[in-house]
Protein chains: 2
Amino acid sequence: MLRLSKLTDYATVILSFMAKEKRRVCAAMEIAAATGIAVPTVSKILKLLVNAKVLMSTRGAKGGYMLAREPEAISVAAIISALEGPIALTECSISKQTCEQASGCGIRANWHLINQTIHNALESVTLADLVRPAPMPEEIHIPIASLYQ
Amino acid sequence: MLRLSKLTDYATVILSFMAKEKRRVCAAMEIAAATGIAVPTVSKILKLLVNAKVLMSTRGAKGGYMLAREPEAISVAAIISALEGPIALTECSISKQTCEQASGCGIRANWHLINQTIHNALESVTLADLVRPAPMPEEIHIPIASLYQ
DNA sequence: TTAAATAGGACTAAAATAGTCCGAAATTGA
DNA sequence: TCAATTTCGGACTATTTTAGTCCTATTTAA
């Protein structure tokens with residue numbers, strides 16, 4: 001289904017909450033309470049987002065998490081790759097044997113191009129866009145067909 | 001990782017093979033031999049592609065599978081949805097409670113737009129594009145590492 | 001010093017995916 | 001008509017991935 005994991009979905013909810021509270025440091029417990037997601041799960045997601053430098057953390061009493069940058073500078077691609085690793089549709093699991101039989105597998109190169117297109121689409125949408133009420137279609141429209149001529 | 005399933009990957013290999021043999025009816029066993037994918041697996045994939053009307057089948061001796069239309073008219077989106085169901089990143093697993101708390105979840109509408117964009121990208125690439133030799137090197141060079149620092 | 005909070009990793013449970021197999025139905029050709 | 005071939009449909013098992021939990025160490029504020 002080409003779908004995102006639940007954790008990624010949760011991450012967008014968490015980050016949307018934090019975008020509205022961006023002046024404040026939020027504790028994991030507070031975020032869990034606000035979003036209705038279980039504390040250990042929230043915790044796990046927050047740690048992943050810190051590793052990906054989407055969030056900053058401060059330890060100790062009065063510690064917590066904060067957006068590492070403005071919502072405008074946090075792309076959906078960054079959020080997804082924080083939770084799921086690099087964005088890539090294929091790992092070219094086509095066996096070498098097959099590729100050799102076909103004497104040069106052109107499919108691989110074309111998949112890469114498709115990946116890149118999708119990545120661009122996700123890169124051009126930010127957390128600010130997700131929080132914003134009205135989307136702006138022309139910003140994320142990508143005419144992939146033009147890449148093939 | 002936003003990735004396609006192995007079966008979808010296999011499907012592109014199978015369909016690429018068939019695109020080159022489009023004049024001929026191919027039996028499942030023949031395709032398995034040509035691609036190196038196990039017969040039962042090939043069989044399963046072919047059935048799914050028939051259900052999605054990407055392939056046509058004829059039963060009985062001398063039967064087999066054929067592309068239902070020209071490779072130019074078979075989109076990557078059609079192939080993916082045949083194997084994995086509708087293309088959709090999210091199923092909006094954001095709890096209603098959260099949405100209500102936030103008094104109107106704008107995220108949903110924005111995800112829908114992103115889905116649509118990706119769908120358009122996949123719709124505009126066809127089996128013929130996949131089979132076609134790779135585009136110029138500079139077109140397919142992807143500095144992906146730079147996106148992850 | 002104590003309480004509050006994150007960091008990191010190990011672990012279990014649940015769900016999705018991959019892969020296999022079988023009996024039934026259809027078609028061809030002898 | 002009969003036998004061989006091939007798809008059809010579904011059930012089934014095994015594997016992998018994902019989700020979710022928990023524990024201990026470390027850091028910081030008061």
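Each chain gets a letter, A, B and so on, in the order its sequence line appears, and its residues count up from 1.
- Between Asn51(A) and dA7(C) there is no side-chain N or O to OP1 or OP2 distance below 4.0 Å.
- At a threshold of 4.5 Å between non-hydrogen side-chain atoms, the residues Ile118(B) and Thr117(A) do not count as touching.
- Checking the phosphate oxygens (OP1, OP2) of dT17(C), no side-chain nitrogen or oxygen of Tyr10(B) falls inside 4.0 Å.
- Inter-residue side-chain proximity for Ile80(B) and Leu4(B) is flagged as met; some heavy-atom pair is nearer than 4.5 Å.
- A salt bridge is absent between Lys6(B) and Asp9(B); no separation between the charged side-chain nitrogens and carboxylate oxygens falls under 4.0 Å.
- Counting to the nearest Å, the P atom of dT6(C) and the CZ atom of Arg59(A) are 10 Å from each other.
- Spacing between atom CG of Leu7(A) and atom P of dA16(C) amounts to 14 Å, rounded to whole angstrom units.
- The residue Ser43(A) sits apart from the nucleic acid: no heavy atom pair falls under 4.0 Å.
- Rounded to a whole Å, the CG atom of Leu48(A) is 11 Å from the C1' atom of dG8(C).
- Evaluated for a side-chain contact (heavy atoms from CB on, under 4.5 Å) with Leu127(B), the options Ile74(B), Val54(B), Val76(B), Thr12(B) yield exactly one hit, Ile74(B).
- Within the 4.0 angstrom heavy-atom criterion, no nucleotide atom of any strand lies near Leu46(A).
- At the phosphate of dT28(D), neither OP1 nor OP2 sits under 4.0 Å from any side-chain N or O atom of Thr58(A).
- With dT6(C), dA7(C), dG20(D) as the choices, the nucleotide that has an atom nearest any side-chain atom of Thr41(A) turns out to be dG20(D).
- Not a single donor-acceptor contact under 3.5 angstrom links the side-chain atoms of Lys62(B) to the base of dG29(C).
- Here the P atom of nucleotide dT16(D) and the NZ atom of Lys6(B) are 8 Å apart, to the nearest Å.
- When the nucleotides dT7(D), dT28(D), dA7(C) are ranked by their closest atom to the side chain of Ala61(A), dT28(D) comes out on top.
- Atom-to-atom, NZ of Lys47(A) to P of dA7(C) comes out at 8 Å; the value is rounded to the nearest Å.
- Computed from coordinates, the Leu49(A) CG to dT6(C) C1' distance equals 14 Å when rounded to whole Å.
- No side-chain donor from either of Glu72(B) and Thr126(B) sits under 3.5 Å from a side-chain acceptor of the other.
- At the phosphate of dA16(C), neither OP1 nor OP2 sits under 4.0 Å from any side-chain N or O atom of Ser5(B).
- When the P atom of dG20(D) is taken as reference, atom CD1 of Ile14(A) falls 11 Å away, rounded to whole Å.
- Here dA19(D) is the nucleotide among dT5(D), dC8(D), dA19(D) with the atom lying nearest to any side-chain atom of Lys44(A).
- The separation between Ile45(A) atom CD1 and dT18(D) atom P is 14 Å, rounded to whole Å.
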